[in-house]
Number of protein chains: 2
Amino acid sequence: MDAITIKDIARALNLSTSTVSRALRDSYEINAETKRQVVEYAERLHYRPNPIAVSLKENRSRVIGVVVPQIANLFFSQVINGIEAVAYNRGYHVSIFQSHESYERELATVQQVVSRKADGLLISLSSNTTDVSYLRQLQEKKLPIVLFDRASKDLDVPSVTADNFAGAFAATEHLIQSGRRRIAHVAIPAGISIAQERLAGYRFALEKYGIPYDEKLVRHAGFGPNEVEPIVDDLLNQMPDAFFAASDRLALGCLATLKKRKISIPSQIALIGFTNIAVADLLDPPMSTVEQPALEIGQVAAGRLIDLIEGKQKTASSEPVKIATRLVIRTSTQAGL
Amino acid sequence: MDAITIKDIARALNLSTSTVSRALRDSYEINAETKRQVVEYAERLHYRPNPIAVSLKENRSRVIGVVVPQIANLFFSQVINGIEAVAYNRGYHVSIFQSHESYERELATVQQVVSRKADGLLISLSSNTTDVSYLRQLQEKKLPIVLFDRASKDLDVPSVTADNFAGAFAATEHLIQSGRRRIAHVAIPAGISIAQERLAGYRFALEKYGIPYDEKLVRHAGFGPNEVEPIVDDLLNQMPDAFFAASDRLALGCLATLKKRKISIPSQIALIGFTNIAVADLLDPPMSTVEQPALEIGQVAAGRLIDLIEGKQKTASSEPVKIATRLVIRTSTQAGL
DNA sequence: GCAACTTCCGGGAACGTTCCCGGTAACGAT
DNA sequence: ATCGTTACCGGGAACGTTCCCGGAAGTTGC
């Protein structure tokens, strides 16, 4: 497209492109009157620097790359909203990509982000990413990286997550305090960092209340379309009196399966989900949930990344940030019904 | 980062950069043996062309820009999934942006997309975009553009939408056939193209069944956080026996408000939503819905755009594509309860 | 042998912007 | 008047890649 370039401005004002550039970049080596003419003319013609040319010259783009496993997951889209709010305010554009829970896709996507000179990367790892060496290499090449939600012990970069341990602890504790003792845990894939944290919180609550951990009450579900129902069926054989489901999809899958089996919630089996679904209170029955602070995770992660990019706080920021979850008690875990 | 460039290859093989470029681009003006050496060496060093440099030289990027009003709207995230499936298979990267239902943000975003030399633009207009002249200008400058979901009569570009008229007609007809006569319509903002189509389908069904259109039963809701409840309250004063809500958010807002008012659904008032919410059948009561073919909309739109980009079908493709919706009848519109 | 054509290659320019450094003019100090 | 310093500007190079065109070498036809 025939956008205005500094060559046009230089030609029109009988200056060199160097002078025009200096004027527009607020350099000290430019006469005030010359600068005024250049700036005025550029504004009049709606000149805008070509970000491609700037990227090629400067090796930066003022773009933040964001890679999430799935966009059609409300939690991630809310995180993105938090990221955008902070980035936009600090003069960065956000370019969003999804890995579709695939390591290969994640790798290709991150390479795209890097080759387009993104200033930094915010990423939530896909479920089958076990090898983060490609990210380690990028980090060694000084690319600012912040992980969110799903972190990795093999990567020494800042991370921002919900306090999954405390959230799972609170959910399990609530079930216990409402009288449940055989609490089934439908977990996300074991390879995902937060799966272990949520499992640990679950186990810690059991232990605190003297309930023996029974591994037959724990199942890890994959991301297949119809994986939850057989898992719930299998768990039902263990005579649980409650389900603690570790994600949106799992919580809804448990609810659907229990209703399908004509199991009365909460009188026969209680259900609580680690989930951000907006309609928890419109479900039948209204579902108790541990809500994740998605927006805040996004805001903090973006803030951290931009600090990294702009060279502030290069140290003391590797400490993982864990933001508290919120327990919302509704009908699905009511006691004594 | 210190990626390999064709200068490195040229230096290593004692060739010029022109020769290396020709070898890598499959030019006819390259000796087979020279080409083999270059290609082999490039592969061995994992050389990848710098997309920034290519963009600057060629004015293209193999990236499709996608602008949606809100990512945290399941419909749009599903459309994006459809777009990505097609684009990825045809060798394009998809860069996703959101306008947050703001014209200003949309304008700034599209300008970003263009200045980064996206090969084409897929866009769903924000609710307060009334002036599409900026898109018309881009079209005149030959930027391939396809609208999806929200189109504009002021723009002569291909568009892909659900068949909103037929879907709204079907919903209203269903309500009428289940005995409802005072059907309130909670609509999306009037400025959005699909609002008029859905309203037209609603009115056509009333007309077909000899029910007079009552404008006091129609309200357009904005995107404020608590706009639905007062609108439903106001409509309740008109003694409706059914609600037809024109979007996810409106359907859920109507449901929440009706439940809050202890109104029995469907025995006192029926409710149907033009919505893709995945949990319609887990709600209380399970909600009847008109489902939009989000994935297919994305697929078709992306296919059209890439055809435009690659110079195929420059004509005969301005005809708007309307993809059928699906009526799913559940408890919330049951008759005679 | 000479002219025309083909193959192959390299140098240079382009894309738009930023930075470096040298040249010129003006000013102040000696 | 001379020297040193400062302000200002323009030319050239860089970034990585592609394309154009001219030059060199080889081959074929007359």
Side-chain angles (χ1 to χ4, degrees), chain A residues 1-39 41-42 45-63 111-112 114-119 141-142, chain B residues 1-39 41-42 45-63 111-112 114-119 141-142:
Chain A
M1 327 289 163
D2 49 351
I4 302 294
T5 73
I6 61 171
K7 289 177 195 170
D8 300 313
I9 300 174
R11 203 179 299 122
L13 301 182
N14 231 27
L15 301 168
S16 77
T17 57
S18 294
T19 304
V20 173
S21 179
R22 263 195 309 273
L24 294 174
R25 310 287 282 147
D26 229 3
S27 170
Y28 66 94
E29 279 188 317
I30 187 77
N31 176 281
E33 174 59 23
T34 307
K35 178 175 170 179
R36 193 194 59 78
Q37 288 182 24
V38 169
V39 170
Y41 189 77
L45 270 70
H46 299 110
Y47 164 78
R48 277 190 185 78
N50 180 337
I52 302 280
V54 174
S55 290
L56 183 62
K57 181 67 180 71
E58 302 205 335
N59 232 2
R60 66 164 188 91
S61 62
R62 290 210 87 89
V63 168
Q111 278 167 350
Q112 257 290 307
V114 170
S115 66
R116 293 196 185 274
K117 306 297 187 240
D119 290 351
K141 293 177 185 173
K142 308 299 178 198
Chain B
M1 327 292 162
D2 50 350
I4 302 295
T5 73
I6 61 171
K7 290 178 197 172
D8 300 313
I9 299 175
R11 203 180 299 121
L13 301 183
N14 231 28
L15 301 168
S16 75
T17 57
S18 293
T19 303
V20 174
S21 178
R22 265 196 307 274
L24 294 173
R25 311 288 282 143
D26 229 4
S27 171
Y28 67 94
E29 280 187 315
I30 186 77
N31 175 280
E33 175 59 22
T34 308
K35 179 175 171 181
R36 193 195 58 79
Q37 290 182 25
V38 169
V39 169
Y41 190 76
L45 271 70
H46 299 109
Y47 164 79
R48 279 191 183 76
N50 181 336
I52 302 280
V54 175
S55 290
L56 183 61
K57 181 67 180 70
E58 301 204 333
N59 236 1
R60 66 162 188 93
S61 63
R62 289 210 86 89
V63 169
Q111 278 167 350
Q112 258 291 305
V114 171
S115 66
R116 293 197 185 271
K117 308 296 186 236
D119 290 350
K141 293 177 186 176
K142 306 301 176 197

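Note: hydrogens, waters and symmetry copies are ignored here, and every other heavy atom, side chains too, is used. In this text, all values refer to a predicted model and were calculated from it rather than measured experimentally. Every chain is numbered from 1 and lettered A, B, ... according to where its sequence line falls, protein lines coming before strand lines.
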Under 3.5 Å side-chain donor-acceptor pair for S18(A) and S21(A):
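Absent: no donor and acceptor within the cut-off.
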
[X] [atom1] - [N] [atom2] separation (whole Å):
X: K57(B); N: dC19(D); atom1: NZ; atom2: P; value: 6 Å
X: N50(A); N: dC15(D); atom1: CG; atom2: P; value: 18 Å
X: K117(B); N: dA14(C); atom1: NZ; atom2: P; value: 18 Å
X: I52(A); N: dG16(D); atom1: CD1; atom2: P; value: 15 Å
X: N31(B); N: dG26(D); atom1: CG; atom2: C1'; value: 13 Å
X: R60(A); N: dC15(D); atom1: CZ; atom2: C1'; value: 14 Å

Compare every heavy atom of [Y] with every heavy atom of [X], then report the nearest pair and how far apart it is.
X: I52(A); Y: S115(B); result: CG1-O, 3.5 Å
X: E29(A); Y: R22(A); result: O-NE, 3.1 Å
X: I6(A); Y: T17(A); result: CD1-O, 3.8 Å
X: V54(B); Y: P49(B); result: CG2-CB, 4.3 Å
X: R62(B); Y: D119(B); result: N-OD2, 2.7 Å
X: R116(B); Y: S55(A); result: NH1-OG, 4.0 Å

So what does T34(A) hit on the nucleic acid, given a heavy-atom distance under 4.0 Å: a base, only sugar-phosphate, or nothing?
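It contacts sugar-phosphate atoms only.
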
Test applied, side-chain contact (heavy atoms from CB on, under 4.5 Å); reference residue, I9(B); option that passes from V38(B), L45(B), T19(B)
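Only match with I9(B) under side-chain contact (heavy atoms from CB on, under 4.5 Å): V38(B).
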
What's the separation between atom OH in Y41(B) and atom CG in L15(B), rounded to the nearest 0.5 Å?
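So the gap between those two atoms works out to 11.0 Å.
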
Can you pull out the residues from residues 6-18 of chain B that lie within a 4.0 Å heavy-atom distance of DNA chain D?
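Output list: I6(B), K7(B), T17(B), S18(B).
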
Residues touching DNA chain D, which here means a heavy atom under 4.0 Å, drawn from residues 20-30 of chain A
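DNA chain D contact set from residues 20-30 of chain A: R22(A), E29(A), I30(A).
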
Quick one: on DNA chain C, does A32(B) or L56(B) contact a more 5' nucleotide (nearest heavy atom)?
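Looking at the nearest nucleotide for each, A32(B) comes out on the 5' side.
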
